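This report refers to the structure that appears directly beneath it.
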Amino acid sequence: MDSYDDTDAEAGSGGAGPGRPPRREAREGRADGPRPGAGTPAGVDPGPAPHPAAVVPGPEPESGPVAIAAPVPGPGPAPGPAADAPGPGPASDLAAASGPGPAAASGPGPERGVRGGMAALSLPYQIAAAVALSVIGLLACGHLAMVFLHVAPSNTLTKQHGEAVDEWIYPEFEQNWKLFAPNPLQQNVAVHVRAEVAGPDGRRTTPWMSLSGEDAKAIRGSLAPSHVHQNALRRGWDFYVNSHDNENRPNGLRGNLSESYIRRLAMQRLGEHDYGGTVERIQLRSETRSVAAPAWSNEKINTKPFYRELPWWTVTPADIPGNAEGARK
């Protein structure tokens, strides 16, 4: 068996062996530059990885086909637009350097910039709409004022401008109901009482005493005035007047009840005073004065008092309340 030198065999065959490319082609392949999969010598910084688009495919490495291990599956990026974004590389660097695109520079979309209402109108139309709304508001306020004066009780304004109010109200806006019930008082009503006292010197009649004036003194200056002082006499007198006719005749049982109430109320107030004798009879009256017109009004109002006197009533034991025993002294 002939033997031969390994060097000579390589030289004769051009270094080609089974499954191996020629050395000349391997040298040319190495001269083209590094190829994917080629190893990096120890101690040399490989530098940044080239972008996949910049890699030029070359001839097969001299060591033959290289088996590439399959990547190990692991936790991938979160789903969404960020997962599909290109990684760092020349293409992404170029996009970042070019600044925002037309979509980003165009500002907010149409749905965020749309104006509604009067703001969407041009300036002339905005002025016309504002004037129209102002006129409608003034007409509404004026109409409400006319209706208020029409249904309100008689007052200075309605007496001076009643014709203008009626022309506005009738016939389209006629009202047949009353806004105020009862009508506010336009008069001052005071209740007076006097008594016939039997004493050692005989019978005598006391001067008129204002029961309403005493209630006013008790209320004036008080931080917590009594409802009795404010309402008992007033409501009792209204009860009597509304249940009697002009001749002081009672209208049914309510008339008799109101008379008993006002007599007991008068005896209760008289019991707070010592007249030096026994009260045998009492008489009540009302003094009504119209409220004077204000200084700025030209209306003439008669403020002369009007009196309504009730008949003399003989005092009975039923007319004397428990705290009016002093009236019998």
Side-chain angles (χ1 to χ4, degrees), residues 47-56 71-187 223-224 291-301:
H51 195 274
V55 177
V56 180
V72 179
D84 300 329
S92 60
D93 295 343
L94 180 61
S98 63
S106 61
E111 66 278 3
R112 299 179 58 184
V114 174
R115 296 182 299 175
M118 292 183 58
L121 302 175
S122 60
L123 181 59
Y125 285 101
Q126 289 183 4
I127 296 175
V131 172
L133 292 177
S134 300
V135 172
I136 294 174
L138 291 176
L139 288 176
C141 294
H143 175 71
L144 291 178
M146 289 294 186
V147 173
F148 174 83
L149 293 176
H150 176 68
V151 301
S154 179
N155 53 69
T156 303
L157 289 177
T158 56
K159 291 178 180 179
Q160 293 181 354
H161 308 286
E163 294 182 1
V165 173
D166 292 341
E167 290 178 359
W168 179 272
I169 294 297
Y170 294 107
E172 289 84 3
F173 308 113
E174 181 181 1
Q175 305 291 325
N176 57 0
W177 49 275
K178 296 297 182 181
L179 180 62
F180 299 100
N183 293 336
L185 292 177
Q186 297 181 356
Q187 297 173 330
L223 297 178
V291 177
W296 49 264
S297 175
N298 296 326
E299 186 177 4
K300 304 298 182 181
I301 298 178

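Side chains included, hydrogens not; waters and symmetry mates left out as well; all remaining heavy atoms used. Quantities reported herein were computed from a predicted structural model and do not represent experimental measurements.
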- Item | H143: side chain to side chain contact (heavy atoms under 4.5 Å, CB included) partners, not counting sequence neighbours | V147, W168, F173
- Note on the structure: Residue pairs passing the salt bridge (charged side-chain N to carboxylate O under 4.0 Å, His left out) test with at least one member in residues 140-159, sequence neighbours excluded, are K159-E299
- Message: To the nearest 0.5 Å, what is the distance between CG on L139 and CG on L144?
- Response: 11.0 Å
- Task: Give the minimum heavy-atom separation between V291 and Q187, together with the two atoms involved.
- Result: CG2-N, 3.8 Å
- Okay, side chain of Q160, backbone of N298: is any donor-acceptor separation there less than 3.5 Å? no
- Measure the CD-NE2 distance between E167 and H161 for me, rounded to the nearest 0.5 Å. 13.0 Å
- Taking side chain as C-beta onward, heavy atoms only, is W296 less than 4.5 Å from T156? yes
- Minimum heavy-atom separation for H150 to D166, with atom names? ND1-OD1, 4.2 Å
